[in-house]
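Reading through the C-alpha cells given below for one structure.
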Number of protein chains: 2
Amino acid sequence: MDKAKKQRLEKRGWKVGGVDEFLALTPDESAYIELKLALSKSIRQRRQHKNLTQMQMARLLKSSQSRVAKIEAGDASVSLDLLVRSLIILGATRREVAHVVAGQAR
Amino acid sequence: MDKAKKQRLEKRGWKVGGVDEFLALTPDESAYIELKLALSKSIRQRRQHKNLTQMQMARLLKSSQSRVAKIEAGDASVSLDLLVRSLIILGATRREVAHVVAGQAR
DNA sequence: GCACCATATATCAAAAATGACATATTGTCA
DNA sequence: TGACAATATGTCATTTTTGATATATGGTGC
C-alpha cells in the first residue's frame, strides 16, 4: 500500500497498521476494507443514477442525510450491514450486490 | 413465507412481521435476512471442510466459541460484518464471498 | 454408567454503530 | 455578489453488536 492511499484511509477513520506501526494491513483486513469501499462507491452511483438526494435516500433507509454522506464517503464508522442494506434499498438484487462484492463490478 | 419457516426465524431471534402482525417481511428485509442465512450456512461448511473446531475458528477471528456457534446458528445478533469477516478469515476470496451472496452458491 | 470433547444457549459489561442534530462546505443559478 | 439546495463534517445519547464467561446439551469411546 502506498503512502497516499494510507493517508486517504486514515482520513476516513481507518486504523491502518496493526501491532507494528510500520506494518500495513493484513490481507484479510485489507480485503475487508476494500470491499466496503467498493460497496460505498457503488451506492453513490446507484443513488445518483436514480436521481435521489441523500435526503431522499435517508428516508428510504430510515436514516439521516449525514449518515448517507458517511456511507458514500467510505467512513469507517459505517457497517457492512448498512452498506448492503443501502444497496438493497436502492433496488439492487442479491445478484447485483454480489457483482459489487466480487470486485470486478461497476 | 410458510409458518414453519417463520417459526424457525423467530427461534433465532428474528422479528418477523412488522407493523401489522400478520404481515410478513418486506422484500428488502427478507432479502437481507436470507443473505445472512446463506452466509451463515456457507461459513459452517467452510469451517468443517477445513477441519477446524469452533474454538480454533474463534481464535482466528479473535472472537469466542460461543459467538462462532451463533454465527453458524444464524442468530439475529450477528452482524453482516462478522459473517463476511468470518468467510474471509476462512480463506474465501472476494469472488467466493460474492458467489455466496449471489445465492445460487454452494 | 462416566469421562471427554464439540457445540449450543444465556447473560452481561464493554465497545461499536446508529440516527439525529448542528453546522460547515460546495456548487449553481440569477 | 447572494440566496439556495445538496453534501460534508462533527458530536453525542441511545441502540446494537461484541467477546467473554458460565453452563447446558449432544455425541463417542470406554
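Predicted, not measured: the structure shown is a model, and the values here were computed from it. Naming: A, B, ... by sequence-line order, numbering from 1 per chain.
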Problem set entry | Position toward the 5' end of DNA chain C (nearest nucleotide), B/Q48 or A/K62 | B/Q48

Exercise. Hey, which of these two, B/K70 or B/T53, hits DNA chain C nearer its 5' end, going by closest nucleotide?
Worked result: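 It is B/T53, whose closest nucleotide lies nearer the 5' terminus.
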
For this session: Might you work through the salt bridge (charged side-chain N to carboxylate O under 4.0 Å, His left out) test for A/K41 and A/E72, ending with a clear yes or no?
Result: CA-CA 6 Å; A/K41 200 175 278 191; A/E72 296 185 353; over 6 Å; no

Exercise. Among D/dT18, C/dG19, C/dT9, which is the nearest nucleotide to the side chain of A/R67?
Worked result: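 It is C/dG19.
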
Exercise. Would you say B/D81's side chain and A/S79's backbone share a donor-acceptor pair under 3.5 angstrom?
Worked result: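 A pair under 3.5 Å: no.
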
Exercise. Any sub-3.5 Å donor-acceptor pair from A/Q56's side-chain atoms to A/T53's backbone N or O?
Worked result: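 Side chain of A/Q56 to backbone of A/T53: a pair is present.
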
Whole angstrom value for the distance that separates [atom2] of [N] from [atom1] of [X]:
| X | N | atom1 | atom2 | answer |
| --- | --- | --- | --- | --- |
| B/M55 | D/dA22 | CE | C1' | 12 Å |
| A/L80 | C/dA16 | CG | C1' | 14 Å |
| A/D75 | C/dG19 | CG | C1' | 14 Å |
| A/L82 | C/dA20 | CG | P | 12 Å |
| A/Q65 | C/dA24 | CD | P | 15 Å |
| B/D81 | C/dA17 | CG | P | 7 Å |
| A/Q54 | C/dT26 | CD | P | 15 Å |
| A/M57 | D/dT7 | CE | P | 11 Å |

OP1 or OP2 of [N] under 4.0 Å from side-chain N/O of [X]:
| X | N | result |
| --- | --- | --- |
| B/S66 | C/dT7 | no |
| A/R47 | D/dT7 | yes |
| B/S63 | D/dG19 | yes |
| A/R44 | D/dA8 | yes |

For this session: Assign each of A/V68 and B/R85 to its nearest nucleotide of DNA chain D by heavy atoms, then name whichever residue's nucleotide is nearer the 5' end.
Result: A/V68

Exercise. Hey, are A/S77 and A/D75 close enough side-chain-wise for a donor-acceptor pair under 3.5 Å?
Worked result: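 Looking only at side-chain atoms, A/S77 and A/D75 do form a donor-acceptor pair, the distance falling under 3.5 Å.
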
Problem set entry | Between NZ on residue B/K50 and CZ on residue B/R47, distance to nearest 0.5 Å |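 With rounding to 0.5 Å, NZ (B/K50) is 12.0 Å from CZ (B/R47).
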
